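Just below is one structure, and these are the notes that go with it.
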Number of protein chains: 2
Amino acid sequence: MPATIEPSESTMADKPATALTEVEDRFISLWGDISALWGVNRSVGRIHALLFLSRQPLDMETITERLQISHGNCSTSIRDLLAWNSIRRVHGPGERRVLYESEQDPWTWFHACIRERRRREVVPVIDQLHEISDHAKTTADVADAKRSADAKDLKQAHERIARFTKFMDEFKDLIDAFLAVGAGPMGKALRMAAKVLPKGK
Amino acid sequence: MPATIEPSESTMADKPATALTEVEDRFISLWGDISALWGVNRSVGRIHALLFLSRQPLDMETITERLQISHGNCSTSIRDLLAWNSIRRVHGPGERRVLYESEQDPWTWFHACIRERRRREVVPVIDQLHEISDHAKTTADVADAKRSADAKDLKQAHERIARFTKFMDEFKDLIDAFLAVGAGPMGKALRMAAKVLPKGK
DNA sequence: CGGTATTGTCAGTAAAGACTGACATTACTG
DNA sequence: CAGTAATGTCAGTCTTTACTGACAATACCG
């Protein structure tokens with residue numbers, strides 16, 4: 001795990017490193033590392049962290065200067081964050097600049113991430129698994145009818161793929177249960193309960 | 001999401017594409033894609049998928065030929081899979097070759113993955129968050145004592161970082177609850193319950 | 001204990017992914 | 001509705017990560 005504690009991300013620029021920026025930078029840097037670890041682009045994570053800490057919505061220019069990234073990078077990353085419902089546009093009415101702010105409650109944010117990952121990744125994968133499983137079944141049946149030598153292997157391959165497909169279906173159910181409970185008071189109760197339960201290993 | 005349905009991964013080699021290999025390849029390819037999406041190397045995922053489907057433990061040579069990867073790549077990927085407790089060594093006694101097999105129950109496997117991610121990623125991140133949070137608190141207090149102009153900002157930054165740290169602590173509790181329940185009959189009950197609960201969104 | 005089959009390592013290279021900055025497009029302003 | 005300030009796009013470049021294959025180390029065998 002990187003997260004080397006460099007003097008400060010912002011000291012690289014000409015701007016002075018205040019106590020505030022130094023504190024912020026450590027958090028931003030860590031968040032960037034975590035993001036990378038989970039398949040999310042580092043810039044995306046850093047911008048998100050910055051907006052999470054910021055007391056007011058920020059515009060793109062402020063972000064690019066603060067994080068020392070190009071405005072193209074910033075624009076793309078912000079598009080991603082919007083698509084993940086991690087940040088919101090804020091229009092001052094009749095303002096030219098567009099401002100962005102992040103959700104302030106981490107559980108609400110996490111909830112949105114899970115919902116999005118479910119939609120983009122889990123559901124399509126399950127669809128494909130069912131397709132593959134069906135195809136395996138058909139192939140196995142054909143081989144069986146023909147008394148092919150590999151009929152038995154095909155049957156077993158189908159059995160294993162079906163088993164995994166079932167797992168993913170159940171996994172989705174688990175996600176759904178989590179989302180149903182989510183960030184509200186019920187979720188709070190669940191999390192309280194988690195603290196009391198016997199700890200795993 | 002890629003997973004282009006190419007004729008067959010194995011037809012690239014000289015070996016013929018049987019009905020079996022074709023079925024296997026689709027599963028292996030999909031699993032490779034999923035792995036990449038979650039920050040796991042594609043080769044690692046493909047080997048895991050192959051071992052999951054295989055009726056008997058396989059040696060490295062078989063794997064490299066089947067997946068058309070170099071033996072160096074295979075060796076490294078297997079080391080990873082072992083470290084993640086996703087596969088096991090199987091020694092035929094007094095055998096020169098080392099064989100590998102994967103866990104057959106997907107929930108047991110998933111359980112092991114979560115435990116490992118908890119250990120490697122979640123816990124270290126939480127430790128760092130606490131450090132950063134403490135540092136922010138100290139900095140804020142110092143600024144406050146000096147009546148610095150940015151004392152208020154520092155206090156707020158600390159408040160946000162602390163909020164996020166609390167979230168991660170609760171998140172770990174949730175993981176612990178899951179691990180405690182895990183793959184046994186209790187876990188089964190939980191997953192059944194999940195099916196009945198009102199669906200999220 | 002030398003010979004050989006197998007696995008481990010890692011420097012170099014290939015592939016994938018991220019970032020920049022010039023140009024295009026959009027949206028307010030006078 | 002021309003002028004300008006801002007955001008969006010994307011080809012080219014840079015950075016990171018993954019993969020290969022030659023060499024090294026290990027483990028069984030006679």
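So that the names make sense, note that chain A is the first sequence line, chain B the second, and so on, each numbered from 1. Please read all numbers here as calculations on a predicted model, not as lab measurements.
- We find that CD of A/Glu61 is positioned 16 Å from C1' of D/dG8, with the value rounded to whole Å.
- Remark: A/Asn73 is not in phosphate contact with C/dG21, judged by side-chain N or O atoms under 4.0 Å from OP1 or OP2.
- Between the side chains of B/Asp59 and B/Thr62, at least one donor-acceptor pair of N or O atoms lies under 3.5 Å.
- Considering only side-chain atoms of A/Arg89, the nucleotide from D/dT7, D/dT4, C/dT7 that sits closest is D/dT7.
- Residue A/His91 contributes atom NE2, which lies 11 Å from atom C1' of D/dT7 at whole-angstrom precision.
- The distance between atom CG of A/Leu58 and atom C1' of D/dA6, rounded to the nearest whole Å, is 16 Å.
- Atom CG of B/Leu99 and atom P of D/dA27 are 16 Å apart (whole Å).
- Taking side-chain N and O atoms only, A/Arg79 has a distance below 4.0 Å to OP1 or OP2 of D/dT9.
- Of the residues B/Leu50, B/Leu51, B/Val44, the one that meets the side-chain contact (heavy atoms from CB on, under 4.5 Å) test with B/Ile47 is B/Leu51.
- At a cut-off of 3.5 angstrom, counting only N and O atoms as typed in the model, there is a donor on one side and an acceptor on the other between the side-chain of B/His71 and the base of C/dG8.
- Figure legend: cation-pi geometry between A/Arg120 and A/Trp84, with NZ or CZ positioned under 6.0 Å from the six-membered ring centre and within 45° of its axis.
- Using cut-offs of 30° and 60° on the angle between ring planes, the pair A/Trp107 and A/Phe178 is tilted.
- For the 3.5 Å distance criterion, the side chains of A/Gln104 and B/Arg163 qualify, holding a donor opposite an acceptor.
- Nearest to the side chain of B/Ser75, among D/dT9, C/dT9, C/dA18, sits C/dT9.
- Per the geometry, CG belonging to A/Leu37 stands 16 Å off P belonging to D/dT16, to the nearest Å.
- Close to C/dG21, at under 4.0 Å from its OP1 or OP2, lies no side-chain N or O of A/Ser70.
- Phosphate proximity of D/dA18 to B/Thr76: absent, as no side-chain N or O sits under 4.0 Å from OP1 or OP2.
- For A/Arg96, taking side-chain heavy atoms from C-beta onward, the closest of the listed nucleotides D/dG3, C/dT9, C/dT4 is D/dG3.
- Using a 4.0 Å cut-off, some side-chain N or O of B/Arg97 falls inside it from OP1 or OP2 of C/dT6.
- Within the nucleic acid shown, B/Ile78 has no heavy atom closer than 4.0 Å to any nucleic acid atom.
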